[in-house]
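Inspection log for the structure reproduced underneath, given as structure tokens.
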2 protein chains.
Amino acid sequence: MADRRSPVQVRSRAMVDRILQAATRVLAERGYAGLSTNRVAAVAGVSVGSLYRYFGDKDDLVRELRVRSTQDILGDLTAAMSDAVTLPTRDAIRQVLATLVAALQRHHALTSALVNEVPLGAQSNVLPEVEQQLGQFTRMFVAVHAPHLTPAEAEARIYLALGVTLSTCLRIALEPPPGIAEERLVDLTADLLHTGLVLP
Amino acid sequence: MADRRSPVQVRSRAMVDRILQAATRVLAERGYAGLSTNRVAAVAGVSVGSLYRYFGDKDDLVRELRVRSTQDILGDLTAAMSDAVTLPTRDAIRQVLATLVAALQRHHALTSALVNEVPLGAQSNVLPEVEQQLGQFTRMFVAVHAPHLTPAEAEARIYLALGVTLSTCLRIALEPPPGIAEERLVDLTADLLHTGLVLP
DNA sequence: CGGTAAAGTGAGCAAATGCTCATGTTCTAC
DNA sequence: GTAGAACATGAGCATTTGCTCACTTTACCG
């Protein structure tokens, strides 16, 4: 097994990137079933041995794909969330939704494969970090706008709001309906969340 | 390959059931990755050859699992939908949601595995038949209660309502939050759909 | 330089998988 | 009873998979 990981030279850093790119392509083109380490290495123009020098495991490779895209999305999301605090509630929600949709869309192929192809095993939700980050946002709004709710009622609303937000943004980003402007969908969703779950 | 399928004696009919049961168990316990035809046959206490007599293919087996659970869910759903036509809109929505949640819950292990483990390949949405059936219901309500909407606006609302309905029911059935009554969640969701997407 | 560590290679192994087929058993109908 | 159809078996083949390891090449540094 030897001492895996952590490339230090430029050359190897580039290789890690090429491997991840190749993995993304293979995942998008042939699904998780077609994602063999041999194939990824071949597509990357690299030998399997090299792949196993930087990724101890096939799962490790997939995990890294997930981490990278998640971090990228999270970056956008937190930025949008800090911008949003100064806006009126409905606009804040709208902006966060729009940002999330755009971020998901930017990684369309990868996100789609990660959501639809890769089995999640034990854990149940996709993009748990994104969900957690959105959770803080939602919690804040509910606390501010509906302080009279019992804790259980508040939790129920947060649970639903989170589910609706994530699933709807994913759907808009990955399976947009033909002939409907995505902006309009985001608007409607923001209204839905605002008047239906955040307000009392 | 020979002439697959269609058991005519009781013995073989029973075997088909045992195979499907075993497949469900294996899928729930070891995920899609662990679903090998050899293992299913072993768990069913049957030889691989017998499995291949009635299921031409591994995909065929999974497809059959999907078909059976889908049909069961669809049965409940259509019944609930005909009962619901006499109810006030909000109650109708509530009842359909509750029925869907209950039906999904009844097949908890299988549905969970089918949704989270099995890759869908080309098609993008899970439970397409259920979605289509719900679509008719939603379309009807939107047409009745918001006839003044432009077609595009109506389509946008239907698209969102369908997504919210399916994803929320799946989430309530498969990952219910601790300490919150599912009934309350269904109520809130019904309100959300009613006032947010069906009404003008 | 030249030596050492890092980077990179690829044949190939052990295990698993999907599936077949030659063989045997049980049922049904006459 | 017996022919023949339906049912059932499981050893095993061909292929693929994840991964290793003995080895070569490249970069770095005194």
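Hydrogens, waters and symmetry mates play no part in the numbers below; they use all other heavy atoms, side chains included. Letters A, B, ... mirror the listed sequences (proteins, then strands); counts begin at 1.
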Any A:Thr37 side-chain N or O less than 4.0 Å from OP1/OP2 of D:dC19: no
Per nearest nucleotide of DNA chain C, the residue lying toward the 5' end, B:Ser36 or A:Ser50, is A:Ser50
In whole Å, what is the span from the OH atom of B:Tyr52 to the C1' atom of C:dA22? 18 Å
Name the residue from B:Thr99, B:Val96, B:Asp76 that meets the side chain to side chain contact (heavy atoms under 4.5 Å, CB included) definition with B:Met81. B:Val96
Within a strict 4.5 Å, meaning less than it, do heavy atoms of the A:Tyr159 and B:Pro177 side chains meet? yes
Could you check how far OH of B:Tyr54 sits from C1' of D:dA6, rounded to whole Å? 7 Å
Could you state the atom-to-atom distance from CG of A:Leu35 to P of D:dG18 in whole Å? 8 Å
N or O in side chain of B:Ser47 less than 4.0 angstrom from D:dG10 OP1/OP2: no
So what does B:Ser12 touch, heavy atoms closer than 4.0 Å: a base, only the sugar-phosphate, or nothing? sugar-phosphate
On DNA chain C, check which nucleotide each of A:Gly45 and B:Val48 is closest to and give me the residue with the more 5' one. A:Gly45
Let's see if you can work this out: which of C:dG18, D:dG18, D:dC7 has an atom nearest to the side-chain heavy atoms of B:Lys58? C:dG18
Can you measure B:Leu51 atom CG to C:dG18 atom C1' for me and round it to whole angstrom units? 11 Å
Within a strict 4.5 Å, meaning less than it, do heavy atoms of the B:Val67 and B:Gln71 side chains meet? yes
Given side chains that start at C-beta, do those of A:Tyr54 and A:Leu20 come closer than 4.5 Å, heavy atoms only? no
Between C1' of C:dG8 and CZ of A:Arg18, the distance in whole Å: 12 Å
Electrostatic pair A:Arg94-A:Asp91, nearest N-O below 4.0 angstrom: no
Interatomic distance where CG belongs to B:Asn38 and C1' belongs to D:dG12 [whole Å]: 11 Å
Under 4.0 Å, counting only non-hydrogen atoms across every strand here, what does A:Leu61 touch: a base, just sugar-phosphate, or nothing? nothing
Heavy-atom nearest nucleotide on DNA chain D for A:Ala33 versus B:Arg13: which residue maps closer to 5'? B:Arg13
Parallel under 30°, tilted from 30 to 60°, perpendicular over 60°: which one fits the rings of A:Phe141 and A:Phe137? perpendicular
Would a 4.5 Å heavy-atom cut-off, applied to side chains only, mark A:Leu170 and A:Thr111 as touching? yes
Could you state the CZ-P distance from B:Phe55 to D:dA8, rounded to the nearest angstrom? 12 Å
Which whole-number value in Å describes the distance from A:Tyr32 OH to D:dG18 P? 8 Å
Show me the protein contacts with nucleotides 22-30 of chain D, counting only N or O atoms at under 3.5 Å.
none

Of C:dT17, D:dG10, D:dT17, the nucleotide closest to the side chain of B:Arg39 is C:dT17
